[in-house]
Student: 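Here it is, the structure in full.
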Amino acid sequence: MAPVALGVLVSGRGSNLQSIIDAIESDRLDAHIAVVVSNKRDAFGLDRARSHGIKTVFLDPKSYKEQSNSREAYDRAVLDVLQVHGVELVILAGYMKIVTSVLIDAYEGRTMNIHPSLLPSFPGLAAQRQALDWGAKVSGCTVHFVTEGVDEGPIILQASVPILEDDTVETLSVRILEHEHRIYPEAIQLYAEGRLAIDGRRTRIVESVKREV
Ligand code: GRF
């Protein structure tokens, strides 16, 4: 199968983007990054992409503020960029903007996100803080397909991380992040091999099916 053309959306430091770049460069991931898009001009993820010769696009949400459906208008612009670059699979990697049906419908079953908890526990912001505040003994991270409900789509891969007695948000986040950097490239590779089949709420990991675009 041909390498998957990825479009990666970032808002910040882009360490997950880096893990995907590293996996591609070390032949662990059969993909190429067609474009990295950000809603933040100074996202460090954009610098990381540029330093690997990857095309980047900054789209300023302020330019769409005046329009009546500004979030949808913004996503139409994102969609244009993704389509112009021939993106097959959209990767949300620390993208701090809720995506609308404009993107989700166009890339149904072809948009992934990573979240720093074992979903469905602790969706939304500050997942590590939520886990600590609940006194949970275990947390982790989840790669899932994106649907309209925030952090609700079919789960692809998860990794668990024990919560230690003296953990802070920072120490727990660091340990979770190590697993994020492992399972996100793995999930994308499963997609690349045509091994992900969505079945209702579930993502089944199958022998191999032809990727349908
Ligand atoms: C990660 O913890 C990810 O799970 C969450 O946002 C953070 C992004 O980190 N969605 P980075 O920008 O990839 O370093």
Side-chain angles (χ1 to χ4, degrees), residues 6-25 28-29 31 33 35-52 54 56-59 61 78 89-100 103-104 107 111-134 136 138-163 167-189 191 203:
L6 306 177
V8 185
L9 274 50
V10 300
S11 298
R13 72 187 160 181
S15 70
N16 278 288
L17 165 66
Q18 188 67 57
S19 74
I20 294 164
I21 294 172
D22 294 346
I24 292 171
E25 290 185 350
R28 282 177 289 128
L29 177 51
I33 301 179
V35 65
V36 173
V37 182
S38 183
N39 62 328
K40 299 283 182 193
R41 191 189 303 274
D42 58 356
F44 186 56
L46 292 177
D47 296 338
R48 291 182 192 264
R50 285 184 204 113
S51 70
H52 287 264
I54 298 166
T56 62
V57 175
F58 161 63
L59 287 172
V78 174
L89 180 67
V90 181
I91 300 297
L92 308 185
Y95 186 59
M96 301 301 287
K97 201 170 188 311
I98 292 177
V99 292
T100 67
L103 255 187
I104 292 168
Y107 277 96
T111 306
M112 290 183 186
N113 182 41
I114 187 150
H115 183 77
S117 75
L118 290 176
L119 290 172
S121 291
F122 316 129
L125 293 174
Q128 300 91 337
R129 167 90 276 151
Q130 294 184 55
L132 287 170
D133 287 351
W134 269 95
V138 178
S139 191
C141 49
T142 304
V143 180
H144 64 93
F145 283 113
V146 174
T147 54
E148 293 259 3
V150 174
D151 300 328
E152 281 184 7
I155 291 169
I156 303 166
L157 289 179
Q158 292 186 304
S160 62
V161 174
I163 297 180
D167 257 336
T168 62
V169 170
E170 290 70 32
T171 59
L172 178 59
S173 300
V174 167
R175 293 207 314 289
I176 291 176
L177 205 55
E178 283 173 22
H179 291 268
E180 294 188 33
H181 295 165
R182 177 175 56 81
I183 68 170
Y184 215 175
E186 280 179 13
I188 299 167
Q189 179 59 20
Y191 177 92
T203 307

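Here the structure is a predicted model, which means the values were calculated and not measured. Whatever order the structure lists ligands and atoms in, that order sets their numbers, starting from 1.
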Student: Return yes if some donor-acceptor pair links the side-chain N/O of T142 with the main-chain N/O of L119 below 3.5 Å, else return no.
Tutor: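 Yes: the side chain of T142 pairs with the backbone of L119.
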Student: Going by distance only, is there an N or O of Q128 that falls short of 3.5 Å from an N or O of ligand 1?
Tutor: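 For ligand 1, there is no N or O atom that lies under 3.5 Å from one belonging to Q128.
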Student: Report the nearest protein non-hydrogen atom to atom 2 (O) of ligand 1: residue, atom name, distance rounded to 0.1 Å.
Tutor: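 Going atom by atom, the protein heavy atom closest to atom 2 (O) of ligand 1 ends up being E180 OE2, 3.1 Å.
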Student: Would you indicate whether the side-chain heavy atoms of H144 and E152 approach each other to under 4.5 Å?
Tutor: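 Result no, sub-4.5 Å side-chain heavy-atom pair not found.
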Student: With heavy-atom distances below 4.5 Å as the criterion, would you say the side chains of I98 and T100 are in contact?
Tutor: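 Sidechains of T100 and I98: no contact.
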Student: Under 3.5 Å, N or O to N or O, is G14 touching ligand 1 that way?
Tutor: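 Yes, there is a polar N/O contact under 3.5 Å.
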Student: If we only count heavy atoms from C-beta on, is the T56 to S38 side-chain gap below 4.5 Å?
Tutor: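 Of all side-chain heavy-atom pairs linking S38 with T56, none is under 4.5 Å.
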Student: For A127, does its backbone N or O pair with a side-chain atom of S117 as donor and acceptor, under 3.5 Å?
Tutor: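 No, S117 side chain to A127 backbone: no donor-acceptor pair under 3.5 Å.
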Student: Can you figure out which of V8, I20, N16, L177 has its heavy atom closest to atom 13 (O) of ligand 1?
Tutor: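 Of the listed residues, N16 has the closest heavy atom.
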Student: Give yes if a backbone or side-chain nitrogen or oxygen of L17 is under 3.5 Å from a nitrogen or oxygen of ligand 1, and no if not.
Tutor: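 No: no nitrogen or oxygen of L17 is under 3.5 Å from one in ligand 1.
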Student: Considering only the protein, which heavy-atom contact is closest to atom 10 (N) of ligand 1, and what is its distance?
Tutor: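 Sorting protein heavy atoms by distance from atom 10 (N) of ligand 1 puts I114 O, 3.0 Å first.
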Student: Donor-acceptor pair, distance only, cut-off 3.5 Å: does the side chain of R48 make one with the backbone of G14?
Tutor: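 Yes, the answer is positive, given that a donor and an acceptor are paired below the 3.5 Å cut-off.
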Student: Counting heavy atoms only, name the option from G94, S15, C141 that's nearest to atom 11 (P) of ligand 1.
Tutor: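 Looking at heavy atoms only, the winner is S15.
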Student: Is there a nitrogen or oxygen of R13 sitting under 3.5 Å from a nitrogen or oxygen of ligand 1?
Tutor: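 Among all N and O atoms of R13, at least one is under 3.5 Å from an N or O of ligand 1.
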